[in-house]
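Remember, predicted model here, so these are calculated numbers, not experimental data. So that the names make sense, note that chain A is the first sequence line, chain B the second, and so on, each numbered from 1.
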Amino acid sequence: MKTIFVKGFTLLVAISMVLLLSCDKDFEKINEDPNAPGMSLAAPNLLLTNAIESMTDRIVDIWLGHEIGNCWVQHMAKAQYTDEDRYIPRPDVTNSYWTYFYSRAAEDITLIKQVSRQRLSDNYVGVGLVLQAYQMSVVTDIWGDAPFSEAWRASPEDGGILSPIYDTQESIYRSLIDSLELANTLLDPTGKEIGGDILYNNNILAWKKFANSLKFRLLLRMSARDETFVTTEMSAMVADPATYPMFESVSDDAALVYLGSYPNNNPLNENRKTRDDHRVSKTLIDLQWTESPYVDWRVCVYAQLDGNNDFEGMPNGLTSAKAAAYNGNGLKNTSKMGSYFTDATAPGMLMSYSELQFAFAEAAFKGYIPGGDAAAETYYKAGIWASYEQYSPVIEQMSNDILGIPADWNWDSLANDFYINDIWAWDATKAMEQIATQKWVAMFDQGLQSWFEYRRTGYPPLIAAEDGVIDIVPVRLAYPTDEQARNSTNRQAAMDNQGMNGIQNDDMKVRVWWDVN
Amino acid sequence: MTLLVFGAIQLLQAQAVEISGTVTNADDGSPLPGTSVIVKGTTIGTLSDANGKYVLRVPADATELVISFVGMKTQDVRIEGRTTIDIVMQVDILGQYEVVVTALGVTREKKALGYSVQDVSGDELTQARESNILNSLSGRVAGAQITSTSGSVGASTRIVLRGAASLSADNQPLFVVDGIPIDNCNFGTSDGYSGVNRGSGASDINPNDVESITVLKGPNAAALYGSRAYNGVILVTTKTGKQARGIGVSLSNTTSFENPLRLPDFQNKYGQGFGGQFEFVDGKGGGINDGADESWGPPLDVGLMIPQWNSPVVDGVRAATPWISHPDNVKNFFQTGHNIATNLAVVGGSDRATFRASFTNAVQKGIVPNTNLDKNTLAFSGSVTPTKRMSVTGSGNYISTKSNNMPGLGYSGQNIMQSIASWFGRQVDIADLRVYTNPDGSKRNWNYNYHNNPYFTLHENTNTMDRDRFMGNVRLSYQFTDWLSAFVRTGGDLYTNTNTERVAVGDIENKFGSYFESVYTNKEINTDFLVTFNKNFGEHIGFTLNGGGNRRDNYYHYNSGSAPELAVPGVYNLSNSQVVPVTTNRIERKRVNSLYFSGQLSYNNALFFDFTGRNDWSSALPPKNNSYFYPSFTLSAIITDLFHIQSNIFSFAKVRGSWAQVGGDTSPYSILPTLAFGDGWNASTKLLNQYVPNEMPNADLLPQTINSIEFGADLRLFMDRLSIDFTYYSSKAFDQIIAVPISSSTGYDTKKINAGEIDNKGIELMLGITPVRRGDLVWDISINYSRNRNEVVELTEGVDRYSLGSYWATQIVAIPGEPFGDIYGPDFLRDPDGNVVHENGVPLQGETKVLGNYSPDWLAGIRSDLSWKGIGFGFLIDARVGGDVYSMTTTWGRYAGVLEETLIGREGGIVGEGVKVAEDGSYVPNDVVVTAEEYNHAAYTNTMAYGGVFDASYVKLREVTLGYTFKNFGNVPIQDVTLSFVGRNLFLLFANAPHIDPETGFNNSNAQGLEYGQSPSVRSLGFNVNINF
C-alpha cells in the first residue's frame, strides 16, 4: 500500500520535472533576438543610408543648425520664444546633439568601416572616412577639444573604453586631414561598387571630390595656426586635379535631397508644419535689400514678403515681448524664410561648390595656392555666380512684377547686375571682408558652417544679440552637462586645458584652437 | 491502483469513530455552513453543510478537533469521548486567528506568519467601487504608496510597496490572481509630451469578483514568487462557490457621478494678448496679438469693445463686441461623468462540486467630453471532487474592455488641457466653441496659430482601445495520505489589445491628418506543481515541507502601422495613406524555470520557524550566469501562548523577524549586440536603414539581488479592543541590472551593467481601536502609518546621476547619497548669500541642481467604521506628507498669464525679490521695475525649474459610505438588500501645491513627481445596491 503512494508521488514529481526541465534543450535559443539582425549580418549599404540621413538631419535640423547656427550667425532670428537667439541654449539640446553626433551616425560609420575593411571594400571605408571627418569636424568646431582617438571603442574587442579622453582640436584636425588623404587614396571609381548611398547615388568619383573639397575646407579653417603646412597641402591639391578632384560645378554639391514626406522630409519642413517662430534676420535683409545700393535678388529666395508686402528682417536676440512688438507686429511684419528652404524636398546642404570657390579665393589671396589677387578675384566671382546658379530654379520662377526685377532676366544676368552695380565688385583692399561676407550670404541656411566661418574670419561684423546673456556672438557651445555626469574627469581636463571655467555663459566666450581672431 | 487506494480509505475509516454536530454563529445563533472541521494534526476533515451540520469519521486515537471559518475565531475542541459536539463560533473582531493566503496560494493562519501581510476584503472594494481596483487600496494598506495618475477614463494607477528599490524596473508589486501571475504592463502610456494613458494590467481585475486581496509587502513574504516579487506581491483571490449551499443569486449595482476634484485658480481680469493689446483679425498674428495664446491682453469687464474670434463679421468687417470675462469657462467645459457597474452572480454547490458564475457590466463616461470606457467581465470558477482525495478546481475570467475615445495627454495639441488650462485667452467663452466647423467647412476656433478647438480634438481626433483578455487556471490536487498531498496547475494571462489613434485632416499639428494602429498580444503561461508534506512529531512539534517547481513562458508580439498623411479625409485605414505607411513589429520571448521549497517547523503552535529556497533559470541572462538561488528564513513567537500568559489587558503578543533574499533577471535580448532597423529611405526603391542601437549589451551580466530583513510585533490589548501591529524593515538592492549612461563618445548612450545599490528602511504601524462595542453598536477605527527612508547608496564609478526620466530641462534622477527620485533642474542664479540675481529686472538662470524629491516622508490612513443594527457609516482619510512635484501647469500658466497670481503687478509692475549686479560688480538689492508679463515670462519657463517645484503633501477625504441592510422579507425570495451611499475622493483637505491635485503622474514609471495637463482627478458620489436572493 505504501509503495503505491510512493509510486504515485514519484510519478507526479517525475512528470512535473520532465515537463519543467527535460524538454528545455533550446533554452538558450529563447534569448536570441528575432527582431534584429546580429552583428554578423551588418550590411554596409543599409548602414550607409542611415548614416547619411542621420548625419544630415542633425546638421540641418532645428535645434542646433537653425536655432543656434543660423540665429547666431544672423541669417535667421527668432520672433518668439527667443531664448536661443539670446544665447541661452537649452541644456537638453546641447546634450542631445553631442549624443546624436557621437552615438548615432558615427557609430554606424565606425561599423561600416570595420566590416568593410574585413570585406576588402575600400570604397565603403573611404566613404566612411569622409562622413566621419565631416561629422567630427563639426563636433570640434562647436566644442573645441573632444573625444576622438578613444571614441567609438566601447566594445571589448576595441579596448572597452567607456570614458574616452578628449583630444585637442589640433590633433583632431591633423588626424582628419590624414584620414581624408587616406579616403582619397581608397576611393576608387573602378573599385568595388557601393550601395545605399542616398547622397551621391553610389558615385565614387563624387565622393572623391567631396573628400578633397572637405579637406580644403578644413585646411583653410586651421590655416591661421599652420600656414606652412596648409600652403604645402593646398598647393599640392590644386596642382594635381587628377589625383585630387574637387567640386567642379553646383551639380557636385554635397546636398542630401530630401523626399516628400515624413520621416524623409527636410527637418525644417517638419518644423514649419507646427511652428512659426523664425524670421529672416534683419542683418541679412538689410545687407541684401534694405540698405543695399543694388538689390541682391537672392533675397527673394531667402525671404518671403511680409505682411506689408516688403522684405523686413527681425533683429536678433530680442526678448519675446520686444520681438512680438517689433515693427508693430513682429510675427506679421517681418519676413519668413523662403519656401525653398522649408519645402519637404529642400536639399540638406553639407558643402557647396560655391563655398569651395570662396575658399579658393581666400587661399589665393593669402598665397596658400598660386595665382594671387587675379585668381582670387576669379574665384570670388565664381563663388557668387555659383550661389546664384545654385538657386537658379527658384530665381527663374520669381514674379518680376512687384519688386521691379529687370525685364528679360535670368539667374546669370541677375548675378551680373548684382556684381556690377552693387558695392561687392572685387576690391583687393577689402578682399577678406568681401570674400567672407559674400561667402556668408552664399551659405545662407548652412548655420553651423557659417557660424564657424564667421568665428574664423570675423566677417561680416555682427552686432551681438540686443538682449543676449553675453555681449559677443558666442564662439563655442559649453560642453554638455551629460558629459559632466558620465565622463567628468576627461571633460574637466579638457576644460582646464582650454581655459574654461565652467561658469554658465562664460564658456561660450572661450575660443577654439583655430580661432585666433 | 485506484481500487487499491480506495480500499485503503475504507480500511482506515472502518477503524474510525463518527462524530457529528452543528456549527452556529454566536452572534445570532444561525447555522454556519462551510465551516472547516479538522482532526488536529492531520488533514482529515470535512465542511459543515447548509444547515451547519457536519459528520466526521475520526481515527480512534484522535483527541482534538480544529474548527475554523474565515472571519471567526478558530477553536480547538477536545473530543473527550463525545460523539456529538456542537460548536458555537465567535466572530473574530480583529482577525487574530484569521487565515490568509500566502505565497504559492498556501493558506496559513495569520498568527503563524513571520512577516507582515495585510488583507482587504472584497466587500471593501465593491461598496465604493472604483473602476481601477488599485484606487480602492489607497489609504488602506500601510506602506503602500498609491498614485492615481489622472482622472481620465481608464488611466493607470501606480502602487509601490515600501519604497522604490530598482533603478530600471517600475517598482510595482507582482499581481497574482488565484495563484497565477498576471501582467501589469501599461496598455498605452502617456509621457509629458504626448500619448494616451490607457491604464495598466491590474486595472482589469474586476472588484465584484474579488473575495480578498492579500498584500505581501516585502521580499520576506514574497520570496517564493521569485524575481518579480522583490517589490512585494498583491495576491488576489477570486470568489468561488460554496459546498452544499444550494443556489444563491446576488445582484448589485453601483452608480456614481463624477466631477473634477480640483481645477487651477484662474484670473478673470485680463484677456488674451500681449502688453495689454489685442484685436482679432485672423487668429494667427494678422491682428493685434491675435496669434497669442496668452492672457496679457486688455482688462476685462471694464466696458471695452474689441473684435473677437466670435464677433460677427459684417461686410468683411469684424464688429467689436464686449470684452468680458467667462470665469467658469474651464469648469463648465467638463461634464458630469458617470460610472455604472452592475453585477449578477450565481453561486451553487453540492457535496461533490461547486461553482460561481458572474457577469459584470461597467460603463464609464469621463468628465472630459466624449471619453468613455466600457468593461464587461465574465467570471467562472468551479471545483469538482470526484473522490475524497482528488479535487479539480478552475477559474476563468474573460474581460472585454472598450473605449471609443481616451483623451490625449502631455504637452501636445492633442491634450485639451494644454490649451484651455494654460495657453489660453481667459476671456474665451468655451461654450461657444462647441460648434467647431463653420457651415462652409472651415474651422471655427479662438486661435488658429497653435491650438485645435478643444471640441474638435475630442470629437475628431479620437483614441480608441479594444482589449480581449482571458485569465484563468486549472488545478488538480491529490491527497495521497493524511500527511502528503500534491497539486499540478497550469494557468495563464492572455490578451490582445488594439489601440487606434486618429488625427483628422485640418488638425493644427498635422494638417493632412493621420492614423495609427497597434495590435499586440501578450501571453504569460505558468505551469507549476507543489508537493506538501505535513506531519506532527509528538504533541509539540509540527512540520510542513513544500517542494515544487514552475515554468513561466512570456510571449509578446507587437504590430503597428501608421498612415502619416491621409489621402482621403475621414477614412481611417492604413491603406489610406498618401505617403508610405510606417510599420513596426516586435516579438519577445522569455522563459524562467524554477524549483523551490518551503517549510515550517512549529513548537506548541506558538513558535514558528519558516524557511524557503528558490532556484531560477532565466533565459534572459547569459548562459554562464543564468542560474541563481535565493533563500529566506523567518521566526515568530506568540509570547502569550508560549508562556501561557492570560490577561484581559494583554490578550495577545507576537514577535517576529525574518531575513530574505530575492534574485532577479532582466529583459530579453540584453546580452548580444544586434543591429536595428531605422525608418528607411522611401525613395523609388525603398532603402532600408540599419543602425547600431544606442544601448550596449553585456554578455557578462549577473543576476540582480535584493536582501531584506524585517522585524515586527503584533499586540492585542484590553480584550482585543486595541491592536498594534508594528514592522521595521530594511532592504538592500544591489547588482542591479541597469542601462547606465555612458559618454556618447563611446558610440553608445548606455550600457547594461550590474551596478547600483539602493537601501530602503522603514516602519509600518497599524492600529486597530474599538472605542465602542456595546450591543449592536460597534465603532472601529483603524489607522495605518508608514515611513520609508530611501537612499541611493551607489551607482557605478564615473556615474554621478542616473536619469529616471526628464521633463523639459528638469530630470528625475537617482544620485548617490540622496533618496530615489530627486527633481534635478535649473535654479535661479544666486549670489553667495543665496539671493536671486536679476538682470534688467528679471531673474537669471543659475546652476542645475537638486530642487526636490518625489518620495514622500510618510503616508497615513485613518478609517472609521460605525455600525448599528444594519446601519453602517464609514469614512477614510488618506494622507501623504512630504515629497515634491514639478508642476508645469503652474509654470506655463504663470508664463501665459492665465493663473490668478499673475494679477500681481499687472498695474505698476513687479520688482523681483533679490539682487542685481551693480556697476562695481557687487550685489545690491534689485530695484528694477518690470511688467508682470516680462517678469513671469522670465521667471517661469521650461528652463527655470525652481519656481515650478512644490510640496506634494496632501490629505484627502478618500471615502465616505453610509449604508443600511434590509432583512426579513418574508415570503419574497430575497435574503437581504443593502443600500449604501458612497463618495470617493470627496475633498482635498490639505494641499500645499497650488492649482493641482498633487497626487498625479504622467504614467506608472519611476519618473514620478512630474505634472502637466493631466486630466483633473475626479470626485465621485453615488449609491450602491446589493440584493442577495
Side-chain angles (χ1 to χ4, degrees), chain A residues 1 4-5 8-9 12-13 16 19-21 24 27-28 30-31 33-39 42-43 46-47 49-50 53 83 90-92 98-99 102-103 106-108 110-111 147 151-152 154 161-164 196 198 259 261-264 274 320-321 324-325 331-332 481 483 485-487, chain B residues 1 4 8 274-275 285-286 291 480-481 484 486 488 509 527 529 531 549 551 564-565 579 586-587 589-591 593 619-620 623 668-669 671 673-676 678-679 681-683 687-692 694 696 741-749 798-801 809 848 933-934 937 943:
Chain A
M1 213 162 55
I4 287 157
F5 295 136
F9 170 71
L12 191 75
V13 173
S16 307
L19 273 174
L20 186 70
L21 296 173
D24 236 1
F27 188 62
E28 283 167 22
I30 293 169
N31 206 32
D33 190 345
N35 306 293
M39 282 303 191
L46 303 186
L47 288 161
T49 309
N50 186 66
E53 185 185 6
D83 280 7
R90 300 169 203 221
D92 48 338
W98 176 275
T99 297
Y102 274 109
S103 74
E107 182 65 18
D108 300 331
T110 307
L111 186 63
W152 311 296
I161 297 170
L162 297 184
S163 302
I198 53 177
L259 306 179
S261 64
Y262 183 82
N264 303 140
T274 56
S320 284
L331 280 173
K332 186 182 166 200
T481 50
E483 278 288 288
R486 304 172 184 189
N487 194 9
Chain B
M1 192 172 84
L4 282 171
F274 290 123
F480 291 97
T481 70
L484 186 65
V488 192
E509 290 176 343
T527 303
F529 71 91
V531 179
R551 166 175 288 182
E565 295 178 6
V579 298
R586 183 166 178 82
I587 295 171
R589 275 194 188 87
K590 180 166 153 177
R591 172 175 294 172
N593 290 330
S619 70
Y669 320 134
I671 297 166
T674 56
L675 294 161
D679 287 326
W681 186 259
N682 297 307
L687 294 177
L688 197 63
N689 272 352
Q690 221 177 43
Y691 66 91
V692 183
N694 306 311
M696 199 181 163
I742 55 176
S743 169
S744 355
S745 58
T746 57
Y748 294 91
D749 301 350
V799 177
D800 303 338
R801 287 195 303 276
T848 299
E933 183 178 345
E934 284 174 295
H937 276 179
T943 53

Given that the side chain runs from C-beta out, which part of B:Asn694 has a heavy atom under 4.5 Å from chain A: side chain, backbone, both or neither?
-> side chain
Top of A:Leu331, A:Asp92, A:Thr99 for chain B proximity - count of heavy-atom pairs under 4.5 angstrom = A:Thr99
Which residue out of B:Ile742, B:Ile671, B:Thr848 racks up the most heavy-atom pairs below 4.5 Å with chain A?
-> B:Ile742
Is it the backbone or the side chain of A:Asn264 that comes under 4.5 Å from a heavy atom of chain B, or both, or neither?
-> both
Return the option, out of B:Pro673, B:Pro668, B:Gly285, B:Pro741, with the maximum number of heavy-atom pairs under 4.5 Å with chain A.
-> B:Pro741
Which atoms of B:Glu565 come close to chain A, meaning under 4.5 Å heavy atom to heavy atom: side chain ones, backbone ones, both, or neither?
-> side chain
Top contributor to chain B interface from A:Thr481, A:Thr49, A:Asn487 [non-hydrogen pairs under 4.5 Å] = A:Thr49
Note, A:Asn31 side chain near B:Tyr669 side chain (heavy atom, < 4.5 Å) = yes
Proximal component of A:Ala106, with respect to chain B [non-hydrogen, under 4.5 Å] = neither
Sub-4.5 Å side-chain heavy-atom contact between B:Leu675 and A:Leu111 | yes
Are B:Thr746 and A:Ile161 side-chain neighbours, meaning at least one heavy-atom pair lies under 4.5 Å?
-> no
Heavy-atom proximity to chain A below 4.5 Å, by part of B:Thr943 | side chain
Partner residues of A:Asp83 under the salt bridge (Lys or Arg N to Asp or Glu O under 4.0 Å) criterion, sequence neighbours left out = none
Ranking A:Pro164, A:Gly196, A:Gly38 by heavy-atom pairs under 4.5 Å to chain B gives rank one to A:Pro164
For residues B:Ser619 and A:Phe27, report the shortest heavy-atom separation together with the two atoms involved.
-> N-CZ, 3.3 Å
Any donor-acceptor N/O pair, A:Asn50 side chain to B:Asn689 backbone, under 3.5 Å | no
Among B:Glu509, B:His937, B:Arg589, B:Arg586, residue most engaged with chain A (heavy-atom pairs, under 4.5 Å) | B:Arg586
Run the side chain to side chain donor-acceptor pair (under 3.5 Å) check on A:Ser103 and B:Ser744 step by step: do they pass?
-> CA-CA 5 Å; A:Ser103 74; B:Ser744 355; 5.0 Å; no
Applying ring-ring contact (aromatic ring centres under 6.0 Å, His included), name anything that partners B:Phe274, two or more places apart in sequence or on another chain.
-> none
Under a 4.5 Å heavy-atom cutoff, which of A:Ala321, A:Ser320, A:Ala325, A:Ala43 has the most pairs with chain B?
-> A:Ala43
B:Gly678, B:Pro564, B:Pro623: which one forms the most heavy-atom pairs within less than 4.5 Å of chain A?
-> B:Pro623
Evaluate side chain to side chain contact (heavy atoms under 4.5 Å, CB included) for B:Gln690 paired with A:Leu47, printing each intermediate quantity in order.
-> CA-CA 5 Å; B:Gln690 221 177 43; A:Leu47 288 161; 3.8 Å; yes
Taking every heavy atom of B:Arg801 against every heavy atom of A:Ala485, the minimum-distance pair comes out as NH2-CB, 3.6 Å
A:Pro263 versus chain B, the contacting section by heavy-atom distance below 4.5 Å | side chain
Looking only at heavy atoms, the pair that brings B:Gly286 and A:Lys332 closest together is O-NZ, 3.2 Å
